[in-house]
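Here the structure comes first, spelled out in structure tokens, and everything after it is commentary.
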Amino acid sequence: MPVSDRFTTHVVENQPPPLAPYDAYATDVALREAVAREGGAWAEAQLIAYGPIAGGEAMALGVAANAHRPALRTHDRFGHRIDEVEYHPAYHRLMELAIEHGVTGFGWRRAEREGAHVARAALLYLHNQADQGTSCPLTMTYACVPSLEQQAELGRDWLPRVVAPAYDGRSAPAADKLGNTVGMGMTEKQGGSDVRANTTRATPVGTPGPGALYELVGHKWFLSAPMSDAFFVLAQSDEGLSCFLLPRFTPDGVRNAVRIQRLKDKLGDWSNASAEVELQGALAWMVGEPGRGVATILQMVMLTRHDCIIGSASLMRQALVQATHHARHRRAFGKALVEQPLMRNVLADLALESEAATALALRVSRAVDASVRDERERALARIATAIGKYWVCKRCPPFVNEAQECLGGNGYVEDSGMPRLYRQAPLNSIWEGSGNIQCLDVLRALRKEPASTDAFFAELDAVRGGSALLDRETAALRKLIAADGADLEARSRRLVERMALAMQAACLVRGGNVAIADAFAESRLGRAHGTTFGTLEPDASLHDALIERVLPG
Ligand SMILES: Cc1cc2nc3c(=O)[nH]c(=O)nc-3n(C[C@H](O)[C@H](O)[C@H](O)COP(=O)(O)OP(=O)(O)OC[C@H]3O[C@@H](n4cnc5c(N)ncnc54)[C@H](O)[C@@H]3O)c2cc1C
């Protein structure tokens with residue numbers, strides 16, 4: 001016997017097989033039900049097509065795109081300023097797959113059909129599980145459409161390329177491409193949440209006004225996806241803070257004066273580049289009314305905030321899938337981990353949280369989708385976007401951490417993919433308006449837009465009788481909101497959390513799975529729950545049902 005065989009120590013046992021490639025849509029019962037419930041079933045062919053890609057080719061690309069981080073090239077070899085970011089080919093392929101399958105444009109191209117934006121949200125939900133960095137430019141490109149529509153001439157020129165199922169990653173003028181991507185620049189050093197503190201100056205090149213060209217001088221402290229074909233930015237014109245569309249190449253086809261100073265060294269989100277830029281007389285068209293910049297860009301911001309909910313729900317889903325897969329294949333103390341009662345409680349509790357996050361995310365998608373047709377849905381989208389952005393994004397980091405722990409030590413090691421999910425987990429809560437800003441936005445809606453308060457309660461009233469605990473909570477919230485005490489701002493996190501939990505409970509009641517809806521209401525509204533995951537009541541059949549839904553068999 002050769003020495004190497006006699007002394008073999010390296011026998012690999014009791015490690016799970018890799019999960020990917022798998023079909024990320026077909027295996028996701030909660031997502032499929034939510035898509036159908038919220039009116040996106042007619043578009044299922046899109047999701048059926050993207051499911052195996054999101055769980056297969058895109059998963060592998062996501063690993064590569066994050067391992068090879070984007071690099072800044074400020075100058076070419078001769079010393080000319082080029083301000084380009086070089087991405088790994090995996091990044092471009094991810095963008096191509098997503099855009100061709102409708103992650104940016106499907107909702108707009110099929111906007112005449114109810115539920116098109118719900119299906120689009122589900123496409124992003126699938127994509128984001130494979131790679132979160134590309135979700136940033138994909139989201140911004142999707143979200144810019146209502147702001148672009150505010151300037152008819154610009155819209156006519158740009159919209160067909162923005163919603164096209166075509167990606168062109170070349171550094172070239174937008175008009176030379178079949179498809180364009182769009183970013184956003186609001187945050188400056190001295191103010192992010194408080195955008196009115198922006199100091200970038202906008203000076204008209206000719207006759208001022210909407211649609212006219214301005215020269216921008218200033219800086220942007222966070223500008224993600226800096227290779228986008230254009231950016232919506234805010235700058236101070238004579239009339240006050242205004243919104244502009246800043247192309248990366250000027251109308252004459254030369255590089256615009258957008259100087260990339262450096263790329264941020266971020267905690268996570270590594271496939272995506274986020275830059276600090278200086279605008280040194282960069283040309284940009286005014287969009288919307290002068291001095292009404294915040295209102296103009298807010299339409300884009302509402303949609304990116306909506307996508308933060310989708311992104312966090314999707315990140316939780318991916319972490320849960322990995323944890324469940326691992327626990328099914330890993331044995332400890334004579335049983336598969338998934339057979340250990342305490343591990344079952346952890347997985348079941350995570351599954352319940354994930355069901356609720358997905359249900360709420362897609363409910364907000366339907367409100368967004370129906371906004372153009374239905375006033376009440378528009379009012380609901382207004383308040384529910386902020387509620388969902390606050391709560392679902394806040395739940396993501398502890399959730400991912402708990403799922404990571406299900407893998408034991410492997411979950412702390414890069415190869416497992418869990419550290420990447422963990423690094424990404426806080427981001428949706430921080431950007432596009434951090435937690436407090438969402439709570440203040442909910443208060444603003446409650447105080448200034450009675451239609452939003454009515455739409456919120458109508459949503460809870462629609463399932464009255466479905467859960468006694470929810471009915472009790474609805475009554476308590478009504479009182480609390482009506483009282484509107486002077487200290488409500490300082491208490492608004494608690495209020496928004498309760499509003500979010502009530503909405504999630506209502507979504508699950510409407511979903512029709514009584515065991516799941518009751519378990520959510522008892523644990524989250526009735527407080528039969530601890531402060532960590534894995535603290536559900538020890539109901540074995542409920543735990544079975546929840547875990548079985550995560551990944552069939
Ligand atoms: C990876 C990454 C990428 C980004 N990409 C972009 C991009 O492409 N474009 C872009 O424009 N921005 C981008 N941002 C910026 C992001 O949107 C801001 O960082 C965020 O909105 C917070 O703004 P700030 O950093 O200035 O924090 P601040 O506004 O200083 O806020 C700091 C904290 O104070 C809280 N706070 C603020 N005001 C109040 C108040 N009145 N009451 C109570 N609490 C308050 C906030 O909630 C936050 O927790 C990105 C950020 C990150 C991390």
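Every number for a ligand or one of its atoms is a count from 1 in the order of the listing. Positions are given from 1, in the same order as the sequence printed here.
In this structure, R478 is positioned above the aromatic face of F457, its NZ or CZ under 6.0 Å from the six-membered ring centre and within 45° of the axis.
Using a 4.0 Å heavy-atom criterion, the residues that approach ligand 1 are M184, G185, M186, T187, G191, G192, S193, F222, L223, S224, K266, S274, L427, I430, W431, E432, G433, S434, N436, I437, L440.
For Y214 and F244, the gap between ring centers is short of 6.0 Å. Aromatic pair W431/F222: ring centres not closer than 6.0 Å.
Taking each heavy atom of Y142 and T104 in turn, the nearest pair found is CD1-O, 3.4 Å. A pairwise comparison of heavy atoms in D369 and H117 identifies OD1-N, 2.8 Å as the closest pair.
Under a cut-off of 6.0 angstrom, the local environment of OH in Y422 is sparse, with at most 12 non-hydrogen atoms contributed by other residues, nucleotides or ligands.
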